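This report concerns only the one structure given below.
The shown structure was predicted, so the numbers you read here are calculated from the model rather than taken from an experiment.
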Amino acid sequence: MEQLVMQKIRNIGIVAHIDAGKTTTTERILFFTGLIHRTGEVHDGQAVMDFMKQEQERGITISSAAITTRWKDYQVNIIDTPGHIDFTVEVERSLRVLDGIVMVFCAVGGVEPQSETVWHQADRYKVPRIAFINKMDRQGGDLFQTVAMMNDMLGANALVYQLPIGSEENFRGVVDLVNMQAVTYREMAMEIGAIPDDMLDKAREFRAAMIERLADFDLELMDKFLNDGEIRAEDIQRATRHAVLTLGITPVFCGSAFKNKGVRLLLDAVADYLPSPIDRGIVIGSDLHDPEKVISRKPSTKEPFTALAFKIINDAYVGQQTFIRVYSGELPAGSYIYNPVKDKRERIGRILRIHADSREDIETISAGDIAALIGTKFTTTGDTLCSETEPMFLENIHYPETVIDLKIEPPSPKERDKLTAALFKLSLEDPSFKVHFDDETEETVISGMGELHLEIIVDRLKTEHHVNVQVGKPAVAFREAITQEADSNYKFKKQTGGKGQFAHIVMRLEPNPAQGLEFINHIKGGNIPKEFIPAIQKGFLASMEKGPYAGYPMMDVKFVLLDGSFHAVDSSEQAFKTCAQLAIKEAIRKAAPHILEPIMKIEVNTPDEYMGEIIGDINRRRGHIDSMRRFRKGSQKISGSIPLKEMFGYASVLRTVSSGRASHSIEFLHYAPLPKSIEEKLLAELREKKAEKK
């Protein structure tokens, strides 16, 4: 029985580039499934899924919102995700827990920069997907151009399942190639009839091409195809489902969500082709005591409880809501679960089924479902929640590097504690947002994914937490790294009367390109007791927070602990932590440190006549052009990379150069060494600021 229930669950995400129509599509889904009785619009701030004040004001999605609805006899848990690159972590953590996604593309814009980012994120988590080409009623809307772009730019194996009837403002419906029928729309009414005579040959041609491709995924269909047997709609649906689940194809549907066209057929496709929790199968994790040991859990209530916390929201009425995806077992309200990451028990007060900005209490959450927990105190995003008796770790969520820093100050010293508490809550909700206090300058610095990201954070501090912070100018989040190996043999001795402090370590620092921070212990024979090793590692990580070269966080460094000694009385954890920090400082000076800057991937869509000026401007900003390709008739897409340091104010320059007709998108690519001349200038500025402080 439970298997039948789980087969009818769909955990899906609606994802796309900004302004492709994700939230509008979700609003229409909620309307046609009967969850809402009037449709709200993004442009007037009335969309159910955009319930944050900042979303309503800007007409964009900022925070992923979860909602549960029903279509026919299916339970559909939907997560509507942001399209702006500054909030890509919202997409990342949603994809980590979803079973399938609907990729929404604009029929005019086609595959846009964030479409590519989201597609590759979905590839990383191997998430099956279907595509919905939206805005078919817009001038320039072209299904076939978008499908060609999907195949060319994404390797999507896109397969057309519907043909548009009419185009642009005359778009009135679709030809359903599975059932070979025409579906036309008049306001809210949907009419099914025969395919227009002038489209019949084209429909047969596309259906034959679809069947030929699907035959590779289904032996029964292949047999019928080769022997001219009768191919029914059920044969196509069965083969399509298998091809989608194995990531073999991306079925393509089309419509206009704003005009209520194509959404009900899209819902049918979600039910027919996207996976249930059972289709996604077992989840893999690791043993608490032996990370090399693999543990698996089946999607069943009979298995031990295992879930992943993928989002945290601080709600003014119910407190902290922890959104979880349950992979196995079941959890009743009022019970206890174990958080192995924090090594804490958590009591679950209530379990809520979330409807964007409203909620419904449920007694139990079971395998395959998504809901919010009330009562957790220690859990943060990415934590595993599991059975105390049979614990395991699930893989954490990948978070990109922050690239922008912003200095903020409370309006008065009295409000510093209030600011600290507000920042702590915001950083719990958003793991891509970082906060640190600079003891030297006595400044609070917040870091994020872009200018809009930090603008939203500041806005939330003022409106939700009532801290009217004073804000500095955005600055690039530089990093430091070393370029060569360096050793240190450091003895730390301190005698202050009574018990002294003693620690001795022999260590080596090595460059660790693209591998992050790594700690390796080669101590053999107890020269340093094992209880002091974690303190040395803490000293290493603390040293990396602020490099001695220029004061920026360090990255891609490997610390190798080679040898050392201790004193039976005077050695302590604190002594070894301090010794490690001093040894690292000495080693970094010998390791030829340098400053790294964030390099962004840039894409500019521009009419042909502005190409020369735009390319020249990118080159002047130390940018590099990788490719230029025809975007659509009369337009080009320029792709390349550019230092973030050179991008402040770029939007207004591009607007001026192109008379407002070009658009651009940037996203973080990697860190690269700062040119020597710019590095020297930056170091001089930092020295000057230090001198002023003194």
**Asked** Is there a donor-acceptor contact under 3.5 Å from the side chain of N134 to the main chain of A257?
**Response** yes

**Message:** Can you give me the closest heavy-atom contact between T146 and C106, atom names plus distance?
**Reply:** OG1-O, 4.0 Å

**Message:** When you measure from the centre of the six-membered ring of F323, is the NZ or CZ of R325 closer than 6.0 Å and no more than 45° off the axis?
**Reply:** no

**Request:** Could you give me the CA-CA distance, side-chain angles and deciding distance for T322 and T376, then say whether side chain to side chain donor-acceptor pair (under 3.5 Å) is met?
**Result:** CA-CA 7 Å; T322 303; T376 59; 2.6 Å; yes

**Request:** Give a yes/no verdict on a cation-pi contact between K344 and F378, requiring under 6.0 Å between NZ or CZ and the six-membered ring centre and an angle within 45° of the axis.
**Result:** yes

**Asked** From T69 OG1 over to R10 CZ, what is the distance, rounded to the nearest 0.5 angstrom?
**Response** 14.5 Å

**Message:** Looking at Q470, I want to see if its CD is surrounded by more than 12 non-hydrogen atoms of other residues, nucleotides or ligands under 6.0 Å.
**Reply:** yes

**Asked** Do other residues, nucleotides or ligands put more than 12 heavy atoms under 6.0 Å from E187 CD?
**Response** no

**Prompt:** Taking atom NZ of K342 as the centre, does the number of heavy atoms from other residues, nucleotides or ligands within less than 6.0 Å exceed 12?
**Reply:** yes

**Passing option when L373 is tested against L352, L331, I312 for side chain to side chain contact (heavy atoms under 4.5 Å, CB included)** = L331

**Request:** Measure the shortest side-chain to side-chain distance between L98 and N77 over non-hydrogen atoms and say whether it is less than 4.5 angstrom.
**Result:** no

**Asked** Nearest heavy-atom pair of E346 and G375: which atoms, and what distance?
**Response** OE1-O, 4.3 Å

**Sidechain-backbone polar pair: D617 side chain, I614 backbone, donor-acceptor under 3.5 Å** = no

**Asked** Are the side chains of T33 and V76 in touch, meaning some heavy atoms are under 4.5 Å apart?
**Response** no

**Prompt:** In Å and rounded to the nearest 0.5 Å, what is the CG to CG distance from L394 to L308?
**Reply:** 5.5 Å

**Request:** Taking all non-hydrogen atoms of both residues into account, name the closest pair between D137 and S256 and its distance.
**Result:** OD1-OG, 3.1 Å

**Prompt:** Are any of the side-chain heavy atoms of F132 and V270 separated by less than 4.5 Å?
**Reply:** no

**Request:** Please lay out, stage by stage, how L274 and D99 fare under the test side-chain contact (heavy atoms from CB on, under 4.5 Å).
**Result:** CA-CA 8 Å; L274 287 180; D99 295 327; over 6 Å; no

**T25 side chain near V102 side chain, heavy-atom distance below 4.5 Å** = no

**Asked** Does atom NZ of K418 have more than 12 heavy-atom neighbours from other groups under 6.0 Å away?
**Response** yes

**Request:** State, yes or no, whether a side-chain contact exists between V469 and K462 at a heavy-atom distance under 4.5 Å.
**Result:** yes

**Request:** Please lay out, stage by stage, how E415 and N468 fare under the test side chain to side chain donor-acceptor pair (under 3.5 Å).
**Result:** CA-CA 9 Å; E415 293 198 64; N468 196 25; over 6 Å; no

**Item:** Approximate separation, where rounding is to 0.5 Å, of I618 CD1 and I642 CD1
**Value:** 5.5 Å

**Request:** Flag the pair D123 and R129 as a salt bridge only when some basic side-chain nitrogen lies within less than 4.0 angstrom of an acidic carboxylate oxygen.
**Result:** yes

**Request:** Show the numbers, then the answer: is there a salt bridge (Lys or Arg N to Asp or Glu O under 4.0 Å) between E480 and K546?
**Result:** CA-CA 9 Å; E480 291 180 32; K546 189 172 183 180; over 6 Å; no

**Prompt:** Taking everything shown except R138 itself, do over 12 heavy atoms lie less than 6.0 Å from its CZ?
**Reply:** no

**Prompt:** If you round to the nearest 0.5 Å, how far is OG1 of T24 from CZ of F258?
**Reply:** 7.5 Å

**Item:** Heavy-atom side-chain contact between I374 and Q321 under 4.5 Å
**Value:** yes

**Message:** Would you call the rings of Y650 and H664 parallel, tilted or perpendicular, taking 30° and 60° as the class edges?
**Reply:** perpendicular

**Message:** Any non-hydrogen side-chain atom of L426 less than 4.5 Å from a side-chain atom of V435?
**Reply:** no

**Asked** Are the side chains of I404 and L644 in touch, meaning some heavy atoms are under 4.5 Å apart?
**Response** yes

**Prompt:** So F478 and L682, side-chain contact (heavy atoms from CB on, under 4.5 Å) or not? Walk me through it.
**Reply:** CA-CA 11 Å; F478 293 109; L682 181 63; 3.8 Å; yes

**Message:** Run the side-chain contact (heavy atoms from CB on, under 4.5 Å) test on F310 and I370 for me, step by step, so that the C-alpha distance in whole Å, both residues' side-chain angles and the decisive distance to 0.1 Å come before the verdict.
**Reply:** CA-CA 10 Å; F310 69 93; I370 288 175; 4.1 Å; yes

**Fill in**
Tightest non-hydrogen contact, residues F668 and P598, listed as CE1-CB, 4.0 Å

**Message:** Between E646 and R622, does the salt bridge (Lys or Arg N to Asp or Glu O under 4.0 Å) criterion hold? Intermediate values first, please.
**Reply:** CA-CA 8 Å; E646 310 296 337; R622 297 192 287 125; 3.0 Å; yes

**Item:** Candidate pair R353 and D369, rule salt bridge (Lys or Arg N to Asp or Glu O under 4.0 Å), full reasoning
**Value:** CA-CA 10 Å; R353 179 87 65 206; D369 214 345; 3.0 Å; yes

**Contact summary for W71 and F32, nearest pair of heavy atoms** = CZ3-O, 3.5 Å

**Request:** Measure the spacing between CG of L669 and CE of M600 and express it to the nearest 0.5 Å.
**Result:** 8.5 Å

**Prompt:** Given V403 and M647, is the side-chain contact (heavy atoms from CB on, under 4.5 Å) satisfied, shown in steps?
**Reply:** CA-CA 12 Å; V403 294; M647 287 300 292; over 6 Å; no

**Request:** Kindly give the heavy-atom pair with the smallest separation between S641 and I599, and that separation in Å.
**Result:** CB-CG2, 3.8 Å

**I446 CD1 to I408 CD1 distance, which is reported to the nearest 0.5 Å** = 4.5 Å

**Item:** Any donor-acceptor N or O pair under 3.5 Å, side chains E603, N605
**Value:** no

